[in-house]
Amino acid sequence: MPKAVKVFVHAVDKTNTFVGKFTMYLVFLMIGILLYEPITRNLFGISSIWAVEMAQFTMAAYYLLGGGYSMILKGHVRMDLLYGRWSDRTKAKVDTVTDLFLIFYIVFLLVGAYSSIEYAVMYGQKNRSAWAPYMAPIKIIMGIGVLLMLLQTIATFFKDLAKARGEKI
């Protein structure tokens, strides 16, 4: 593999590992938000209409930003009907093909994310709820998560291609 590809793969892996490890702690933020609402409501009589929705946004950031790191850890679900019986090189060859399909799919997700971000920013889109928060921040996080997933899929493609050729990155 060319040096530029190796540098790209290592940079993307490092970036997604950093973002993924940071993102893991968002679950504690979500728990704190979900605990805040019943405590303030029951102890102080203060109801907060934003807590559940903010927890949903935090959860969305959690799984969208953690997708690339999950790929590094091979944490995604895989259909193992025949796959488990194949050699590592055969798996890599098949994975190279499926990576291309995944890249194709994620590019469409990224185009949709960009369109959604553009609309939310341009028109000041708000959620239709009692709290009515602006949607641009979560949509930007969504777009970043999809972009990181695309970059990780491309890096995984190069790793699988190298493995299929008997090389290592």
Side-chain angles (χ1 to χ4, degrees), residues 1-34 50-80 83 91-129 131-164 169:
M1 284 284 144
K3 184 174 169 104
V5 170
K6 291 179 182 180
V7 168
F8 171 78
V9 168
H10 290 298
V12 170
D13 280 355
K14 195 170 189 176
T15 301
N16 272 314
T17 298
F18 174 79
V19 171
K21 286 184 177 182
F22 168 78
T23 301
M24 286 192 300
Y25 294 103
L26 288 179
V27 75
F28 295 114
L29 175 62
M30 185 185 67
I31 291 168
I33 292 168
L34 288 172
W50 57 267
V52 173
E53 199 165 6
M54 190 64 195
Q56 290 171 339
F57 289 158
T58 306
M59 187 63 179
Y62 174 78
Y63 66 78
L64 286 166
L65 293 174
Y69 186 55
S70 182
M71 279 189 78
I72 292 170
L73 298 177
K74 300 194 185 310
H76 288 279
V77 176
R78 184 183 301 274
M79 181 67 177
D80 196 10
Y83 191 84
K91 288 178 185 177
K93 289 174 186 174
V94 172
D95 286 345
T96 301
V97 174
T98 58
D99 290 339
L100 292 173
F101 285 109
L102 184 57
I103 290 168
F104 180 75
Y105 174 71
I106 295 175
V107 165
F108 276 100
L109 281 179
L110 191 58
V111 169
Y114 177 78
S115 173
S116 185
I117 292 166
E118 184 179 40
Y119 180 85
V121 170
M122 189 179 297
Y123 295 105
Q125 181 185 14
K126 291 184 173 186
N127 200 13
R128 294 179 184 166
S129 66
W131 179 36
Y134 285 102
M135 296 301 293
I138 192 63
K139 289 188 177 194
I140 290 169
I141 291 170
M142 172 188 69
I144 292 168
V146 172
L147 177 63
L148 289 172
M149 186 73 169
L150 176 62
L151 293 174
Q152 189 60 53
T153 304
I154 293 168
T156 301
F157 169 78
F158 286 129
K159 287 190 259 186
D160 290 336
L161 185 61
K163 190 186 273 188
I169 294 185

Kindly compute the distance separating CD (Gln56) from OG1 (Thr58), expressed to the nearest 0.5 Å. 9.5 Å
Rounded to the nearest 0.5 Å, what separates atom CG in Leu147 from atom CD1 in Ile106? 10.0 Å
Quick one: do Lys163 and Asp95 make a salt bridge, cutoff under 4.0 Å? no
Is the shortest heavy-atom distance from the side chain of Val27 to the side chain of Met30 under 4.5 Å? yes
Gln152 to Asn16 - nearest heavy-atom pair and separation: OE1-ND2, 2.9 Å
For Val19, is there any backbone N or O sitting under 3.5 Å from a side-chain donor or acceptor partner on Thr23? yes
Are any non-hydrogen side-chain atoms of Pro133 and Phe57 less than 4.5 angstrom apart? yes
Looking only at non-hydrogen atoms, find the nearest pair between Lys93 and Ala164 and report the distance. CG-CB, 3.6 Å
Are the side chains of Leu100 and Phe157 in contact, using a 4.5 Å heavy-atom criterion? yes
Using a 4.5 Å cut-off on heavy atoms from C-beta on, say whether the side chain of Trp50 contacts that of Ile33. yes
Closest non-hydrogen contact found for Leu34 with Ala55 is CD2-CB, 3.6 Å
Find the distance between CG (Leu148) and OG1 (Thr153) and round it off to the nearest 0.5 Å. 10.5 Å
Nearest-0.5 Å distance that lies between atom CG in Leu65 and atom CG in Leu26: 7.0 Å
Any side-chain heavy atom of Val9 within less than 4.5 Å of one from Val5? yes
Taking the inter-plane angle between the rings of Phe8 and Phe158 on a 0 to 90° scale, is it parallel (under 30°), tilted (30 to 60°) or perpendicular (over 60°)? perpendicular
Does the His10 side chain pair with the main chain of Ile169, one donor and one acceptor, at a distance under 3.5 Å? no
Check this for me: Tyr83, atom OH, are more than 12 non-hydrogen atoms of other residues, nucleotides or ligands nearer than 6.0 Å? yes
Heavy-atom closest pair (Asp13 atom, Ala155 atom, distance to 0.1 Å) is OD1-CB, 4.4 Å
Do the two ring centres, one from Phe18 and one from Phe22, sit under 6.0 Å apart? no
Residues that Asp99 engages under salt bridge (charged side-chain N to carboxylate O under 4.0 Å, His left out), provided they are two or more places apart: none
How about Val12 and Ile154: do any of their side-chain heavy atoms sit closer than 4.5 Å? no
List the atom of Ile138, the atom of Ala60, and the distance in Å for their closest heavy-atom pair. CD1-CB, 4.2 Å
Using the side chain to side chain donor-acceptor pair (under 3.5 Å) rule, collect all pairs that involve residues 119-129, keeping only residues at least two apart or in two chains. Glu53-Asn127, Glu53-Ser129, Gln125-Lys139
When rounded to the nearest 0.5 angstrom, what distance separates CG in Asp160 from OG1 in Thr98? 7.0 Å
If you compare all heavy atoms of Ile117 against all heavy atoms of Gly143, which two are closest, and at what distance to 0.1 Å? CD1-CA, 3.9 Å
Can you check whether Val111's main-chain N or O pairs, donor with acceptor, with Ser115's side chain at less than 3.5 Å? no
Does a side-chain heavy-atom distance below 4.5 Å link Leu110 with Met149? no
pair Met71-Leu102: side-chain heavy atoms closer than 4.5 Å: yes
